[in-house]
Amino acid sequence: MTTKILTLLVVLIPCCGFRAIADNLPLEVDTVSNDSVRYINLDDFSPSTPLYEPPKAPDFNFIKSRTNPAVKPYRFLDDQSWVGIPMFAAGLIAKGEKTAFRQDYNNPNTKIRLIKYNFHNEIDNYTQYLPLALTIGMKIGGVESRSDWPRFWASAAASSAIMAGLVNGIKYTASEMRPDGSTRNSWPSGHTATAFMAATILHKEYGLTRSPWYSVGAYTVATATGVMRVLNNRHWISDVLSGAGIGILSVELGYGLMDLLFKNRGLQRGDLSVYPDLRSNPSFFAISMGIGLGNKNLELPPFDFNIPDEILDGESVGDDEPLHLKFRSATVVGVEGAYFFNPYIGIGGRLRVKATPINGWSKFAISEEDDIQQFFSDPLLANSVQNIALTIESDHITEFAADAGLYFSLPLSSRFALGAKALIGRSVMDDIDINARYSGQQLQFNVEYLNDDTAPMFTPTDNVTDYTWDYIDVSASNSMKLGTGLSLTYAHKNNFCWRVFCDYDYSRKTFKATYHPLGLMEGLSPDMVFLMDLAGWDMTRPAVSSTKKSLHQWVLGGALCISF
């Protein structure tokens, strides 16, 4: 984890000259002659300006300092974009909106997780280090970067120390339970902080000095690492957002401190540009967060239990009232990117996760559980049951959407641009459901009841069962979706941009609910199921209700963009 990087760097620093610099001891220094380079005024720089390129050769001189005197020294504030602070705050906000991404803690039988499906992959244990490994690999390969080896080691070590201190200090103070319930050190995510720290180091060393594509690739890998932490059920989305903010902020502070210490010593390349120009570089990669508005209610028709009229004999069974679900405002996070062929039009895509809590789902489960307990209030049944409980598997609808299409940009100036898009994609929704479990003795049909109707119809047996079943499930069909939206982008600093947006999505889905309170009989009394089957009623089949609904969804939010 992060401590492994920190330990490695701390061990390497004394070998790389950092201690010698701190003690004012002389280092062997290679400088590049002023005759071989040309000082470039960053304010006048254009992408076509030629740069001095030293010959590429493997560089294993990990302790030798190499300074290019033509590179303008950095001041502390030159290195600070402060974009990590809003990202950390976004995670803090998402952490406060617990009902959007986790289950209701008020129900002791609730499982706490974002998605139901069992997913496990350990690749995020390695991708968190990938951008840093690429940085070191290119430096060894002789690809000149922002810093020489001693300054790089010092900057990376300072960044690692700051990141580790912030992550562990907050983790063990906040004591946030992980979604898998394993430990109370969930917020913020250390893996994500490490990944974004590594990505920002690559961004500073190569993305700002050579090509923004290094930054795009690095932050894509870091974002994928954070997503994997959520899918592996190890972190909440709030943990990932805050971890990303800490990773970026730690590098900016670490590099800023080393800029104060080293001054112009050990600099090899300056930034290509300080501020992105949206008139020539509207392409972007963005991490976004917003609030979802739109449809608030879903009403399904009364359930059909398929009970023959001969058995009903004029009576009603089940709920005659329709199932009415009320949605709360959704929390939306996503990644988005587009490549522009010119300043006005491009192609791109978007991946988005939207979690919409259901009001009253926990109360529904408690009410149904009370009804079951009342059923077992009969002394004969009460002696047979050991445990009966309902478990909320999910109390929010989580939508996973992927879109692609055309993106448009209208530059207002070099630092402001209006944007629009026309997308088509696919929407997949996770369902909400409640499971039930019965453990206890089974009941058998009492043959004496045939001759004496005062005798109990069923009596307990010595057979003990532990039976679980799907009590109620509400799902939505996968569907195509159309999307559009408007945005305003502001070019901030060091290829970072801020964006506010308003998106609209349309889809039409079939919602289906299956309700199976009588599934209890399959575990409690197989004889009852058999007798009802003889009478023409299949008790193993749940009641079903479905309806089609058009969804009109709005998302208001903001995004951090890498411009290229």
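Nearest heavy-atom pair across T465 and G523 is CG2-O, 3.3 Å. The two residues A222 and A199 have their closest heavy-atom pair at CB-CB, 4.0 Å. G247 and T200 make their closest contact through O-OG1, 4.4 Å (heavy atoms, listed as atom of the first residue, atom of the second, distance). Listed here is the closest heavy atom pair of A330 and T356: CB-OG1, 3.3 Å. Nearest approach of L486 to A420, heavy atoms of both residues: CD2-CB, 4.0 Å. Across every non-hydrogen atom of A513 and L323, the tightest pair is CB-CD2, 4.2 Å.
Looking at W361 and V474, their side chains come closer than 4.5 Å, going by heavy atoms from C-beta outward. F501 is listed as a side-chain neighbour of V555, based on a closest heavy-atom distance under 4.5 Å. The side-chain heavy atoms of F364 and I472, taken from C-beta on, include a pair separated by under 4.5 Å. Between V221 and Q128 the shortest side-chain heavy-atom distance does not fall below 4.5 Å. Under the 4.5 Å side-chain criterion, counting only non-hydrogen atoms from C-beta, T547 is in contact with P301. Inter-residue side-chain proximity for I246 and F196 is flagged as unmet; no heavy-atom pair is nearer than 4.5 Å. Contact annotation: the side chain of Y515 never approaches that of S545 to less than 4.5 Å [non-hydrogen atoms, C-beta and beyond]. Using a 4.5 Å heavy-atom threshold, the side chains of M289 and V333 count as touching.
Panel note: side chain K548, backbone T510; no donor-acceptor pair is recorded below 3.5 Å. Looking only at distances, a side-chain donor or acceptor of W236 sits under 3.5 Å from a matching main-chain atom of M177. At least one donor-acceptor pair closer than 3.5 Å links the side chain of S242 to the backbone N or O of F88. Put simply, the side chain of T194 gets close to the backbone of G190: a donor and an acceptor are under 3.5 Å apart. Counting only distance, with no hydrogens or angles, the side chain of S283 and the backbone of F340 share a donor-acceptor pair below 3.5 Å. Under a 3.5 Å cut-off, the side chain of S525 and the backbone N or O of L443 do form a donor-acceptor pair. Side-chain atoms of N232 come within 3.5 Å of backbone atoms of M228 as a donor-acceptor pair (strictly under, hydrogens ignored).
A 6.0 Å sphere centred on OH of Y504 holds more than 12 heavy atoms belonging to other residues, nucleotides or ligands. Summarising the local packing, CG of L482 is surrounded by more than 12 heavy atoms from other residues, nucleotides or ligands at distances under 6.0 Å. Open room surrounds CZ on F530; 12 or fewer heavy atoms of other groups in view lie less than 6.0 Å from it. Atom CG of N297 sits in a crowded spot, with more than 12 heavy atoms from other residues, nucleotides or ligands closer than 6.0 Å. For E448, the CD atom counts as loosely surrounded, since its 6.0 Å shell holds 12 or fewer non-hydrogen atoms of other residues, nucleotides or ligands.
Using modelled atom types, one finds no donor on one side chain facing an acceptor on the other under 3.5 Å when comparing K512 with S475. With hydrogens and angles left out, the side-chain atoms of K296 and S329 include a donor and acceptor closer than 3.5 Å. Inspection of the Y471 and T391 side chains reveals no N or O donor paired with an N or O acceptor under 3.5 Å. For the residue pair T225 / D124, no side-chain donor-acceptor distance below 3.5 Å is found, with atom types taken as modelled. Side chains of D470 and H516: a donor-acceptor N/O pair is absent below 3.5 angstrom, by distance only. Looking only at atom types and distance, the side chain of T183 has a donor-acceptor partner in the side chain of N185 under 3.5 Å away. Checked by atom type, the side-chain pair Y407/E336 shows a donor-acceptor distance below 3.5 Å.
Listed by chain and number, the residues in a salt bridge (charged side-chain N to carboxylate O under 4.0 Å, His left out) with R234 are D180 (sequence neighbours excluded). With sequence neighbours excluded, the residues satisfying side chain to side chain donor-acceptor pair (under 3.5 Å) with E399 are S427.
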I'd like to know whether D239 forms a side-chain hydrogen bond (donor to acceptor under 3.5 Å, both in side chains) with S186, so could you lay out the CA-CA distance, the side-chain angles of the two residues, the decisive distance to 0.1 Å, and finally the verdict.
CA-CA 7 Å; D239 307 339; S186 186; 2.4 Å; yes
Evaluate the side-chain contact (heavy atoms from CB on, under 4.5 Å) criterion for residues L325 and I432: first the C-alpha distance (whole Å), next the side-chain angles of each, then the deciding distance (0.1 Å), finally the verdict.
CA-CA 11 Å; L325 300 179; I432 59 173; 4.1 Å; yes
Might you work through the side-chain hydrogen bond (donor to acceptor under 3.5 Å, both in side chains) test for R426 and N478, ending with a clear yes or no?
CA-CA 7 Å; R426 189 73 172 170; N478 301 337; 5.9 Å; no
As a quick check of understanding, evaluate salt bridge (Lys or Arg N to Asp or Glu O under 4.0 Å) for R352 and D403, giving each step before the final call.
CA-CA 9 Å; R352 176 173 282 176; D403 308 90; over 6 Å; no
Begin from the C-alpha positions of S189 and R229 and carry the test side-chain hydrogen bond (donor to acceptor under 3.5 Å, both in side chains) through to its verdict.
CA-CA 8 Å; S189 167; R229 298 304 288 166; 4.6 Å; no
For salt bridge (Lys or Arg N to Asp or Glu O under 4.0 Å), just list the numbers for K95 and E176, CA-CA rounded to whole Å, side-chain angles, deciding distance to a tenth of an Å, and then say yes or no.
CA-CA 10 Å; K95 181 176 179 292; E176 183 76 9; 3.6 Å; yes
Verify side-chain contact (heavy atoms from CB on, under 4.5 Å) between I424 and M480, making sure each step is shown before the conclusion.
CA-CA 7 Å; I424 185 170; M480 300 298 294; 4.0 Å; yes
Go through the steps for K421 and L406 under the test side-chain contact (heavy atoms from CB on, under 4.5 Å), then give the verdict.
CA-CA 6 Å; K421 54 195 167 190; L406 296 176; over 6 Å; no
Tell me, with the steps shown, if F445 and L531 meet side-chain contact (heavy atoms from CB on, under 4.5 Å).
CA-CA 9 Å; F445 180 72; L531 292 174; 3.7 Å; yes
Start with the C-alpha distance between Y438 and T468, add both sets of side-chain angles, then the distance that settles side-chain hydrogen bond (donor to acceptor under 3.5 Å, both in side chains), and finish with yes or no.
CA-CA 6 Å; Y438 167 78; T468 60; over 6 Å; no
Run the numbers on D304 and R541 for salt bridge (Lys or Arg N to Asp or Glu O under 4.0 Å), then give the verdict.
CA-CA 11 Å; D304 180 11; R541 187 169 62 175; over 6 Å; no
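Here OH of Y506 is found 9.5 Å from OG of S479. Values are rounded to the nearest 0.5 Å. Here the CE-CG distance, from M197 to L249, works out to 13.0 Å after rounding to the nearest 0.5 Å. For the atom pair CG of L518 and CE of M539, the computed distance is 5.0 Å after rounding to the nearest 0.5 Å.
Annotation: F496 is in aromatic contact with H203 [ring centroid separation under 6.0 Å].
Judged by a 6.0 Å distance limit and a 45° cone about the ring axis, K171 is not positioned over the six-membered ring of W187. Cation-pi geometry between R437 and Y467 is not satisfied (NZ or CZ under 6.0 Å from the ring centre, within 45° of the ring normal).
Screening V464, D527, T461 against Q442 for a side chain to side chain contact (heavy atoms under 4.5 Å, CB included) leaves a single residue, T461.
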